[in-house]
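The structure appears right after this line, and notes come after that.
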Amino acid sequence: MALLSLSEDTPVGTHVYTLNGTDPEGDPVTYGLAYEAGSRRYFSVDKNLGNVTLIEELDREKEDEIEVIVSISDGLSTVSEKVRILVMDANDESPEFINTPYIVQVPENIHANKFTIDRHSGVLRIKTGVTLDYEKSRTHFVIVVAKDGGGKLRGDNKVFSATTTVTVNVEDVQDTPPMFIGTPYYGYVYEDTLAGSEVLTVIALDGDRGKPNSIHYCIVNGSEGSFEISNTTGAISVIKSPNQLKKEVYELKVQASEVSQEGDVSVYAFAMVTIRVVDLNNHPPTFYGENGPQNRFELTMYEHPPEGEILRGLKITVNDSDQGANAKFNLRLVGPGGIFRVVPQTVLNEAQVTIIVENSAAIDYENFKVLTFKLLAIEVNTPEKFSSTADVVIRLLDTNDNVPKFSSDYYIARIPENSPGGSNVVAVTATDPDSGLWGEVKYSIYGTGADLFLIHPSTGIIYTQPWAVLDAEVNSKYNFYVKAEDTDGKYSLAEVFITVLDVNDHSPEFNENIQEKTMIVGSPVKIEAIDQDAEEPNNIVDYSIMQADPANVFDIDQSTGEIKLKSYIRSLDIIHNITKNKDCIWSVVVQAKDRGSPSFSTTAVLKIDITEETLHKGPMAAFLMQTKDNPMKALGVLAGVMGIMVLITIMISTAMFWRNKRSNKIMPVRRIIKKRQTPQSRTVRMEWLKFKRPSNAAEKFVVEDDAKSLHNENSNNNIHVAPMPPTAPLPPPPPTLAPRGDSPGCWVPTVSGSLTPKFINKQLKKRGHSSTHNALVSELKMKFEKRNAAVGEPHI
């Protein structure tokens with residue numbers, strides 16, 4: 001093991017070699033590794049097995065060769081040998097640029113399309129094609145990437161790279177002609193301009209800004225000996241008096257040339273300069289008042305004047321002393337727009353200025369106490385555009401032009417019902433922007449709901465009457481109107497809605513403190529307590545059983561108040577097993593408690609009679625069971641039914657009586673029906689309240705009438721019967737007796753109560769009826785006899 005190679009990317013902990021040695025005498029041997037003084041320990045060895053392990057990371061760039069002393073020993077003697085380990089390179093380093101940063105200066109006149117670099121030497125070049133332009137881009141940044149050839153690293157092929165930025169600065173080269181600034185150029189020579197005066201200055205700059213050359217100016221043509229230019233500054237001056245100038249307009253061609261440091265003229269540019277000779281305009285427009293020139297005019301007026309009104313308090317005149325076009329100027333108002341307009345708008349020499357109201361609504365004292373405008377006069381056709389201004393100040397006086405306005409169209413307030421009299425409810429606010437007395441607001445209230453409330457006339461605070469007692473149960477909603485009025489009677493309204501908040505001031509109440517109920521096994525009974533409070537939860541009642549002996553018999557529904565037996569109680573036998581009380585009447589103390597805060601409660605004693613379900617069914621049985629606990633109810637219903645029956649009977653009898661009285665004779669309601677004569681005696685076939693065994697309790701009171709009983713069989717039609725006296729109607733007559741056997745077999749259906757049996761007739765005669773009634777009966781008898789004679793029947 002004199003020489004060994006190992007790759008630098010070998011992981012730490014790798015078994016890199018195994019030492020192998022023997023002792024001739026057969027003794028066991030041990031292995032060891034040693035290093036020279038100051039050397040790093042890269043390896044370790046198992047002294048018994050001889051396995052060599054890498055314990056330190058290798059780096060060829062730092063140390064490419066390692067020397068290790070290997071030893072073997074049998075305990076008595078030791079043999080050592082120096083071993084050289086070569087560290088093999090692995091691709092574990094990235095390329096690295098040196099001498100950064102890279103900054104290159106390149107002239108702009110080098111043709112280039114883009115930059116390129118030699119991949120082996122790293123030389124950066126510019127491809128030919130397009131010239132670099134300093135005026136377009138002064139700096140270029142080129143990113144260069146360097147990559148290595150790649151190699152293995154821990155078993156994988158790796159390629160490493162590095163980047164750097166090369167800054168290429170473009171140097172300016174004299175390749176751009178000069179440029180004039182501020183073109184086109186115009187100048188004016190006035191009638192009072194002195195010879196040698198400067199008219200205007202032209203300026204030109206070298207287009208190459210990096211290293212600019214100096215500029216030389218000259219007039220090429222158009223001067224005609226009247227103008228000259230400074231070679232260095234570009235200032236153009238008139239060299240003749242204006243009255244010597246022969247033309248009104250001069251067009252000068254000016255040349256600007258670049259002069260190099262050596263004095264050579266390289267490139268140049270041209271510009272046209274227009275110089276106009278004009279008459280002197282030396283008088284601007286001037287404003288005049290009643291006492292001469294004036295630049296401030298003031299006026300006091302009331303707000304909201306009529307539109308189209310002229311402000312006659314302003315005496316303004318404007319004048320321009322120049323002549324012709326120099327004396328023409330425009331007038332306009334500068335300030336809040338659309339309020340006033342000025343007339344005329346264009347003036348030649350002189351005019352009287354008139355200001356007219358255009359928007360009356362905008363002239364508002366509450367918005368502007370003072371309106372300030374600038375009256376501007378500016379020349380129209382002069383190059384100088386001379387102008388002058390005058391201040392127009394209008395002070396406004398207030399009028400009562402505003403109505404008090406509430407901060408809201410409606411106000412919503414809440415107040416507890418137990419609030420004492422004089423309690424504040426809500427404050428309403430109205431504002432009137434007018435000044436002085438016109439801006440003072442007085443409050444009042446009115447409406448059907450305002451009886452319990454007052455309002456402070458100045459502050460707008462609404463409060464309850466001192467004697468007012470609010471009760472949410474009586475009335476929980478109030479609404480009325482409040483009026484805000486100024487001293488001139490202008491007013492506005494707002495609506496107020498007041499809600500009286502419920503307070504828990506009522507206890508639940510039972511209709512009776514001691515109640516009796518009958519409970520059928522399997523069916524509940526219900527109790528009810530009423531809380532007079534207006535709102536929830538104050539009027540929500542919860543029910544509970546406070547006391548019952550024993551306590552495990554009844555359940556109560558907390559919300560509905562229904563009381564029922566425990567689920568395990570299904571018969572009276574179970575109840576008898578629970579208590580010795582054989583009559584099954586229980587006294588239960590029930591509590592009704594509201595949910596308010598604080599909460600109120602009421603108790604009542606409920607006596608419950610428990611029975612089993614009856615065998616009788618139907619409406620009558622149900623009614624009897626329901627009225628078992630209240631017999632007076634049953635008696636009342638029965639009395640009502642009887643009263644209705646009596647009333648119906650009286651009405652029918654009265655109607656029949658008045659009918660008979662109007663006719664003054666008895667008339668049959670139907671034709672007489674002929675019936676075959678039967679030898680046997682005829683009896684009255686009538687069933688009186690025939691009952692049958694009812695199938696339910698309600699059928700006990702059903703009366704069945706035989707169909708035959710509907711016919712009125714009467715065999716004594718010839719008996720003289722006196723009519724009923726004109727007294728109170730009588731109840732229906734009792735059933736008639738059986739007729740005699742020799743009576744003929746026919747009958748006449750009549751109105752109920754019109755004919756009566758013979759023994760009744762005798763009783764009536766004993767009572768002393770008049771002969772007039774007997775005559776009526778005799779007349780009826782004669783008609784019956786004639787009828788029977790016509791049909792061949794024997795007389796009655």
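Along the sequence shown, residues are numbered consecutively beginning with 1.
Contact detail for Pro284 and Ser387: the closest heavy-atom pair is CB-O, 4.2 Å. Looking at every heavy atom in both residues, Val70 comes nearest to Val83 through CG2-CG2, 3.5 Å.
Judged by distance alone, the side chain of Tyr185 and the main-chain N or O of Ile203 form a donor-acceptor pair under 3.5 Å. Glu379 places a side-chain N or O within 3.5 Å of a backbone atom of Phe386 that can act as its donor or acceptor partner.
For Tyr35, the OH atom counts as densely surrounded, since its 6.0 Å shell holds more than 12 non-hydrogen atoms of other residues, nucleotides or ligands.
Centroid-to-centroid, the aromatic rings of Phe270 and Tyr268 come within less than 6.0 Å.
Taking the side chain as every heavy atom from C-beta outward, Phe43 and Thr53 never approach each other to under 4.5 Å. Looking only at side-chain heavy atoms (C-beta outward), Thr389 and Val334 stay at 4.5 Å or farther from each other.
Side-chain contact, Asn418 with Asp505: no donor N or O sits under 3.5 Å from an acceptor N or O. Between Glu251 and Thr274, the side chains place a donor N or O and an acceptor N or O closer than 3.5 Å (distance only, hydrogens not considered).
Ring orientation note: the planes of Tyr217 and Phe180 are tilted relative to one another, at an angle of 30° to 60°.
Ser407 pairs by the side chain to side chain donor-acceptor pair (under 3.5 Å) definition with Tyr411, not counting sequence neighbours.
One finds no salt bridge joining Arg41 and Glu56 here, because no Lys/Arg side-chain nitrogen approaches an Asp/Glu carboxylate oxygen to under 4.0 Å.
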